[in-house]
Amino acid sequence: MSRTRVRFAPSPTGYLHVGGARTALFNWLLAKHSGGRFVLRIEDTDSKRSTAEFLDAILEDHRWLGLAWDEGPEIGGTAGPYFQSERADTYAPLVEKLLNESSAYKCFCSPDELEDRKSGSSQEGRDWKYDRKCATLSREQSAEYEAENRPFVVRFRIPDGTTRFDDMVLGSVEVDNRELDDLVIARSDGTPTYNFVVVVDDSMMGITHVVRGSDHLSNTPKQILIAEALGTEPPTFGHLPLVLGSDKQVLSKRRGAVAVGEYRRRGYLPEALVNYMALLGWSSGSEQEFFSLDELIAAFDITKVSRKAAAFDPEKLAWMNAQWIKRLSVSERTARVVPFLVAASLVSDSPDEEELAELERIVDLIDDRLKTLADIVEHASFLLADDIVFDNIAVDKVLTKPGSVDILNDLCEVLSDAPDFEPETIEELTRNLAEKRGVGVGKVIQPARVAVTGRKVSPGFFETLSVLGREKVLARLKTASELAATLTTE
RNA sequence: GGCGCCAUCGUCUAGUGGUUAGGACGCCGGCCUCUCAAGCCGGUAACACGGGUUCGAUCCCCGUUGGCGCUACCA
C-alpha cells in the first residue's frame, strides 16, 4: 500500500563527493526498484557555511548522474518545503509536546557547569553522559528558574530498556538505552538540533526508508526513541558501509579529487561513475560488471550491500570510464567530446553539420584511445590546430636521423601523385616506398609520423594521413623535411 | 577509555560444512603490430590469529588482534 519514500539530505556546505553520491545513488535505486519516490531535502540550517553555489553544484551533480528527484528543490512537491531553513516553525510545538508529556525536560546546567562535572566525574574525563541533574526538577522549580531568566536547553529523556531495530544491511541491531545520553533537542536559543529535526522532517515527509552512511548508526536508536515519543512510526533504516580513500581513511570533503564535479570536468562519464559507485560495497551476486542505471534499478537489492567499508580505487574507476567510452557509438562519443574541444578552442562554440562530420571522422580515428573525454584534446590537437607543435624528443630522436630528409621528400612525392587519399592507397604507396628503399615500413612511417603529427605516437598512420587530407599532409611533410635539413647540417 | 560496526588476493568482490577458493582492477609476461592504445592469451596474489563445535572448517560459536565509526547546545 504505502509507497516507498526515501530521501537524500545533503547540506550545501561543500561539494558532493563520491561517498555522498553513492548514498544518494543507493537511496535512488532503492526507491526506483520498488516504484517509490526519491526526495531531495536540503539541510541548509547552517547559514554561515551554506552557499547557493554549493547548492547549484549539488543539484547539477544529481542531474548529471541521472539521479532525478521526484520532490525537492526547483520542482517542489506535496511534502514541502524541502529546504530545512524554511521549516523552522514546525519544530517548536513538537518540542513543547514532548515537554508536556515529560518525554523531555528543561536543563538549566550551564556549559561551564557541565564541563566541571564532566572532568570531575572521572580523571580520564571520558565516558561522560549527562548526569540527569535536571531530569528530576519539579515543574515549580523549573518555572522558578525560568522566571529568573536562566538559560536552558531541552533534553530528551531516554527511557529505560533496550532499543532494537532491523537494519536493511546490518540485520538486527540492539542497544542498551543506558548507553544513550539525554541528548539536547533544543538549544538555549530555542533552535532544534539535528537529531530532533531529522526525525520530524522524515516523519512529516512520509519517509519510509532511511539509507545513510554507517557513521549515523549510533544516532539511530536516539532517533527511533524520539520518533516513538512523538507518536510516529520510525522509518526502516539501512546503514551503508563507509567509503574509504586509497589511504584507507574515510573520504572527506576536503579532497577535491573525489568531488563528483571534478570527475565531470576531467571527462568521466556519468555512466561510469554510477556503475563504479554501485559496485563499491554492493554486488549483484552475478559476475556482471557493467550496469546501466536501468539495469541497476532492476538488479539492486539493498540487503546485498556489504557490511564492510570499501576503499575507493581511482584506477578501477579510470578503467571503467575507458570501457564506457569505448561502448559509446562514434556519433555519441563525438557529441560528448565537443564541449572539451570547445573549451580548448579547437572547435567553434556551436559546430555545424559539416564540422561535426569532420569531428566524427577524427573521433573514429582516435578509436579506443580515450580514457577520458578530456583526452580528446591531446589526441586531436594536431588534427584540428593549424600549426602542429613538435615534441622535442621526437624531433631529436627521429627527425634528425640520417636519411629522414630523403624519406620525407620521397614520401611527399609519392603521395602527391596518389590517385586518391584513402588509407589503403596510402598504405600501398608507403609500403612500396619502403621496399624500394630496402627498409622496413616502420623506417618510413617513423619520421613521417613525427613530420605530420609532431609526435612519436599517433593513431594508425595511414588512417591518420587520410583523415588529415592530402593538402595538410604534403605541407607538413615539406615543412618537416626542411626543418630536418637545417637541424642535421648543424 | 566506553559503546558499536567490520575482517577472502595490494584494491573491489563471489563463494561453500568437503571447491584446484572464482571474477574484476592493478602488476608481470606473451601474441597482434607502423608507434600508442584497445583486444586476445598466460602468470602473480587471499580465507588475520588462537581456541572450540564437527568425521571435516574459509564458512558456525567464543576469544585475541587489527581497521573503522560514534562518543557536541555540528550535521
Side-chain angles (χ1 to χ4, degrees), chain A residues 9-11 13 43-46 49 84 107 109-111 114 122-130 151-155 167 169-171 173-176 178-181 183-195 197-198 213-221 239 241-242 244 246 248-250 276 279-290 306-320 322-323 325-326 366-371 375 379 394 398 427 430-431 434 440-446 448-450 453 455-464:
Chain A
S11 37
T13 56
E43 314 233 314
D44 59 346
T45 45
D46 187 345
R49 294 190 301 143
Q84 212 161 56
C107 168
C109 301
S110 72
L114 252 21
S122 80
Q123 292 303 5
E124 279 67 46
R126 295 286 169 65
D127 195 23
W128 154 270
K129 285 198 294 294
Y130 177 62
F152 64 88
V153 298
V154 178
R155 286 184 186 273
D167 189 279
V169 345
L170 297 174
V173 178
E174 195 170 325
V175 179
D176 189 329
R178 278 176 298 199
E179 300 298 334
L180 274 23
D181 213 346
L183 66 154
V184 173
I185 58 173
R187 303 182 184 93
S188 49
D189 65 1
T191 58
T193 60
Y194 167 77
N195 276 115
V197 166
V198 182
S214 67
D215 51 338
H216 283 284
L217 188 57
S218 51
N219 285 326
T220 303
H239 290 90
L242 269 6
L244 312 177
S246 328
K248 289 290 191 173
Q249 297 297 97
V250 176
Y276 178 76
L279 261 23
L280 238 201
W282 173 80
S283 142
S284 68
S286 76
E287 277 181 0
Q288 180 176 350
E289 49 189 344
F290 295 103
S306 162
R307 290 178 298 272
K308 186 189 166 191
F312 173 74
D313 181 4
E315 299 260 14
K316 190 156 186 178
L317 206 211
W319 167 80
M320 183 146 267
Q323 291 295 319
I325 290 178
K326 278 176 56 174
I366 292 166
D367 199 40
D368 289 345
R369 271 162 270 250
L370 298 180
K371 296 203 79 174
D375 285 350
H379 279 107
V398 180
E427 174 160 13
T430 306
R431 287 190 189 280
V441 70
K443 285 281 183 271
V444 175
I445 288 177
Q446 263 188 305
R449 168 178 284 123
V450 174
T453 70
R455 309 166 193 183
K456 288 206 301 188
V457 304
S458 79
F461 180 71
F462 316 118
E463 293 77 8
T464 299

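In the text below, chain A, chain B and the rest are named by the order of the sequence lines, each starting its count at 1. Hydrogens, waters and symmetry mates play no part in the numbers below; they use all other heavy atoms, side chains included. It should be emphasised that the depicted structure is a prediction, and the values quoted were computed from it without experimental measurement.
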side-chain N/O Q288(A) vs U13(B) OP1/OP2, d < 4.0 Å: no
task: In whole angstrom, give me the gap between the C1' atoms of C59(B) and G15(B).
output: 9 Å
query: Looking for any heavy atom pair under 4.0 Å, which part of the strands does G281(A) touch: base, sugar-phosphate only, or nothing?
result: sugar-phosphate
Check the interface with nucleotides 19-23 of chain B: list each N/O to N/O pair with the protein under 3.5 Å, or write none.
from, atom 1, to, atom 2, distance (Å)
G23(B), O4', E287(A), OE2, 3.2

field: N/O donor-acceptor pair, side chain S188(A) with base C73(B), under 3.5 angstrom
entry: yes
Residue pair R369(A) / D375(A), side-chain heavy-atom distance below 4.5 Å: no
- request: Take atom C1' in A48(B) and the same atom in G43(B), then report the distance between them in whole Å.
  value: 26 Å
task: Using a 4.0 Å heavy-atom cut-off across all strands, classify F462(A) as base, sugar-phosphate, or nothing.
output: base
task: Pick the C1' atom in G10(B) and in U20(B), then give their distance to the nearest Å.
output: 23 Å
message: Does a side-chain N or O of K326(A) approach OP1 or OP2 of G39(B) to a distance below 4.0 Å, or not?
response: yes
query: Using the C1' atom in both, what is the distance from U16(B) to G50(B), to the nearest Å?
result: 23 Å
message: Taking C25(B) as the reference, what is the distance to A14(B) when you measure between their C1' atoms (whole Å, please)?
response: 15 Å
query: Under 4.0 Å: is that the gap between some side-chain N or O of R307(A) and OP1 or OP2 of C5(B)?
result: no
task: Can you label the angle between the W319(A) ring and the F290(A) ring as parallel, tilted or perpendicular, going by 30° and 60°?
output: tilted
Residues which pass side-chain hydrogen bond (donor to acceptor under 3.5 Å, both in side chains) with R49(A), listed by chain and number, not counting sequence neighbours: D46(A)
- line: Note: for R449(A) and F152(A) on RNA chain B, the residue whose nearest nucleotide lies more 5' is R449(A)
message: With a 3.5 Å limit on both atom pairs, tell me what U11(B) is paired to, counting Watson-Crick and G-U wobble, or say none.
response: A24(B)
- request: Determine the interatomic distance between C1' on C55(B) and the same-named atom on G17(B); round to the nearest Å.
  value: 11 Å
message: Side-chain N or O of K308(A) versus OP1/OP2 of U8(B): is the shortest distance under 4.0 Å?
response: yes
query: Does A75(B) have OP1 or OP2 sitting under 4.0 Å from an N or O in the side chain of R49(A)?
result: no
message: By nearest atom, which of the nucleotides C34(B), C70(B), C36(B) is closest to the V441(A) side chain?
response: C34(B)
Complementary nucleotide for C40(B) - Watson-Crick or wobble, under 3.5 Å: G30(B)
